[in-house]
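Okay, so here's the structure we're looking at.
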Amino acid sequence: MIDVRLLRTDPDGVRLALARRGQPDLLVQLDKAAHLDARLREITAERDEHRRQVNDLSKAVGLARKAGDAQAAEAAMATSRELGESERSLAAESDELQSALHDVLLRITNLPHPAAPDGGGEQDNPVVKGPINMPASFPEHQRVPHWETATALGILDNERGTKISGAMFTLQRGLGATMARALCQLALDRNADAFEEIRPPTLVSTATLTATGHLPKFADDAFAIERDGLWAIPTAEVPLTSLYAGEILDETALPARVMAHTSCFRREAGSAGRDTRGMLRTHEFDKVEILAIAHPDQAAAMLDELVARCEGTIAVLGLPYRIIEICTGDLGQSHHRSFDIEVYAPGCDRWLEVSSVSWFSDYQARRADIRFRRTGQKGTDIAHTLNGSALAVPRVWAAIIENYRQADGSVVVPEALRPYMRGATVIPAT
RNA sequence: GGAACGAUGGCAGAGUGGCCAAAUGCAUCCGCCUUGAAAGCGGAAGCCUCGCAAGGGGCCGGGGGUUCAAAUCCCUCUCGUUCCGCCA
């Protein structure tokens, strides 16, 4: 959530920042929030005054009783009873306003970072680095889509995956399955120098999925286990962000860095028929996520670090890649500033988004109530959260199959993965 | 799934209608002492919110109720612990 106080003290600034996203309705919601907030404060002040009087009278009753003055006690009780009536109705109104304001605020997006590039949508995202590792041209034998190569090699069996679970579920087998696991191991090992490995739950509560901004707006995108009130996580960002929810951290504990390898589940509602072949878009996939809970002053540098770490893993795999920055029109609800890493897949002839690194400012942390205490100072502050995909398996896996395909149809195992693949150097054509 | 007990400040833990924002201990911060530290001694200090301020209001797991007045009584939900049952 954005800070209501900022909306009070600098309404024009908030308005201008949000306007950069190019969604007129956001500004309507913003006005609604400002109006509700003003009304709420009016009512709350009035309610508080009534409460003060009731509190004073209650004390007076106790004192009068003790002094043996039954008549005075009785009089104070009568007055207090009357005040109680109006106090209750004011309190009810205040509660209503508060929950209405909360509902509106939950759906208002984060403010873009001033340096985030302006733009109307995906097509306006600028390339900020690369292409790197990009050959001048690709030989014909690399112009084969991964689903054809992998199926022929017997390492991808989507027919059976579909039999088991339905469309958009994949199944890797043999060295294909091993390579999927190897990719995760590589990503974990490359970040183990600074990140604590977590194995979080992959089914989470509604509160947890709300903290990251996935609810209430994007309920249709997540798999729900309604009977138990649980949701399947779309990314490890969800449980990792809530790791310290409701806690007050010591400033010296920041930045807190954690990582996790989990399955991720996405309904991909509305994308039926798109990218359904191969592994470009699936309901369930594996990913290693790295996440930091940082002091606001550390956040900008942390964003750079996360980008560098995610980029490093792609680079060590020898894949052609580039980095784009997400423009204001394409920025996700919770996002303050984001970079995507894209890998080129010659078989599909497409740039594939394989990693997204983002800074959420205090937007998620306010929802999750993650605070920190400055050493030697009173009070608490909201922390900042950042995260990035250290490695998302399916698209990287697909890009390897396409980029490392040889003329005989076999696929060379990238050097960096060999230690995790029992020494296999090639996935042989049978 | 059944039963019992529990949930209080950063942590531990008293408190069973008004004198309670709440004892005490640990941790924290400031000072004294010390070459420095520890120990010791003295002091400060919960969180949220409204307000320029003075000050006000709220918060004892969440929600509801009883009462002039609730951490305290009642209902309900959630979570935890232990025992039984089941089980990788």
Side-chain angles (χ1 to χ4, degrees), chain A residues 1-11 33-103 105 199-211 225-231 239 242-254 256 293 295 362 365-383:
Chain A
M1 277 186 291
I2 61 167
D3 187 356
V4 217
R5 273 169 294 190
L6 189 61
L7 183 55
R8 287 205 284 259
T9 55
D10 185 17
H35 177 259
L36 282 169
D37 177 56
R39 181 83 186 123
L40 174 63
R41 278 186 301 157
E42 246 173 65
I43 295 295
T44 305
E46 214 177 314
R47 183 204 62 186
D48 286 356
E49 174 56 23
H50 276 71
R51 284 194 175 163
R52 187 186 64 75
Q53 292 178 29
V54 170
N55 288 344
D56 288 349
L57 282 166
S58 294
K59 267 187 198 125
V61 171
L63 290 173
R65 284 252 171 95
K66 201 172 278 181
D69 189 347
Q71 210 173 353
E74 205 51 52
M77 280 165 69
T79 317
S80 183
R81 247 190 299 265
E82 274 169 41
L83 272 169
E85 293 288 315
S86 52
E87 190 271 340
R88 260 188 293 278
S89 82
L90 284 167
E93 194 178 345
S94 156
D95 287 351
E96 257 168 57
L97 283 166
Q98 193 159 21
S99 94
L101 175 61
H102 189 71
D103 285 351
L105 283 175
R199 177 42 255 230
T202 43
L203 299 182
V204 299
S205 66
T206 298
T208 297
L209 198 61
T210 304
I225 295 115
E226 288 182 49
R227 176 171 155 170
D228 296 295
L230 293 169
W231 304 79
S242 284
L243 185 65
Y244 295 114
E247 298 188 32
I248 300 170
L249 303 169
D250 198 288
E251 183 180 33
T252 57
L254 302 179
I293 293 164
H295 190 292
D362 59 2
R366 180 170 293 105
R367 289 168 163 247
D369 189 25
I370 307 166
R371 291 174 290 163
F372 69 94
R373 196 186 304 280
R374 293 175 199 265
T375 313
Q377 277 188 41
K378 283 196 66 170
T380 55
D381 283 293
I382 311 276

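Convention: sequence-line order gives letters A, B, ...; per-chain numbering from 1.
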Give me the distance, rounded to whole Å, that separates A21(B) from C79(B) when you measure between the C1' atoms they each carry. 25 Å
To the nearest Å, give me how far apart CZ (Arg373(A)) and P (U28(B)) are. 13 Å
Where the side chain of Ser58(A) is concerned, which of U49(B), G56(B), G18(B) is the nearest nucleotide? G18(B)
Checking base pairs now: Watson-Crick or wobble, both atom distances under 3.5 Å. What partners U72(B)? none
Give none if A27(B) has no partner; otherwise give the nucleotide forming a Watson-Crick or G-U wobble pair with it, both distances under 3.5 Å. none
C1' atoms of C52(B) and G65(B), separation to the nearest Å: 40 Å
Which base sits across from G1(B) as a Watson-Crick or G-U pair, both distances under 3.5 Å? C84(B)
Using Watson-Crick or G-U wobble geometry with both distances below 3.5 Å, tell me the partner of C47(B), or none. G58(B)
With nearest nucleotide decided by heavy atoms, which residue, Asp381(A) or Arg51(A), maps closer to the 5′ end of RNA chain B? Asp381(A)
Watson-Crick or G-U counterpart of U16(B), or none if no pair lies under 3.5 Å: none
Side-chain atoms of Asn55(A) come closest, of G10(B), G18(B), G58(B), to G58(B)
Phosphate OP1/OP2 of G58(B) contacted by Arg47(A) side-chain N/O (<4.0 Å): no
Same-atom distance (P) from G80(B) to C26(B), integer angstrom: 32 Å
Go ahead and name the base partner of A21(B); Watson-Crick or wobble counts if both distances stay under 3.5 Å, otherwise write none. none
Any ion pair linking Arg371(A) and Asp381(A) (charged N to carboxylate O, less than 4.0 Å)? no
Closest to the side chain of Lys66(A), out of C19(B), C47(B), C50(B), is C19(B)
Any strand: nucleotide that pairs with U78(B) via Watson-Crick or wobble, under 3.5 Å: A7(B)
Might you work through the salt bridge (Lys or Arg N to Asp or Glu O under 4.0 Å) test for Arg373(A) and Asp250(A), ending with a clear yes or no? CA-CA 5 Å; Arg373(A) 196 186 304 280; Asp250(A) 198 288; over 6 Å; no
In whole angstrom, give me the gap between the C1' atoms of A14(B) and A7(B). 15 Å
From the list G56(B), C50(B), C68(B), which nucleotide is the closest neighbour of the side chain of Arg41(A)? C50(B)
Say whether, by atom type as modelled, one donor and one acceptor occur between the side chain of Thr9(A) and the main chain of Arg5(A) under 3.5 angstrom. yes
Side chain of Arg52(A) only, please: which of C50(B), G18(B), G56(B) is the nearest? G56(B)
Closer than 4.0 angstrom, basic N to acidic O: yes or no for Glu42(A) and Arg47(A)? no
U24(B) to A4(B) separation - P atoms, rounded to the nearest Å: 37 Å
Partner nucleotide, any strand, of G40(B) [Watson-Crick/G-U, under 3.5 Å]: C32(B)
Between C48(B) and Thr380(A), is there an OP1 or OP2 to side-chain N/O distance shorter than 4.0 Å? yes
Closest listed nucleotide, where the reference is the side chain of Val61(A) and the choices are C68(B), U49(B), G51(B): C68(B)
Run the numbers on Arg52(A) and Asp48(A) for salt bridge (Lys or Arg N to Asp or Glu O under 4.0 Å), then give the verdict. CA-CA 6 Å; Arg52(A) 187 186 64 75; Asp48(A) 286 356; over 6 Å; no
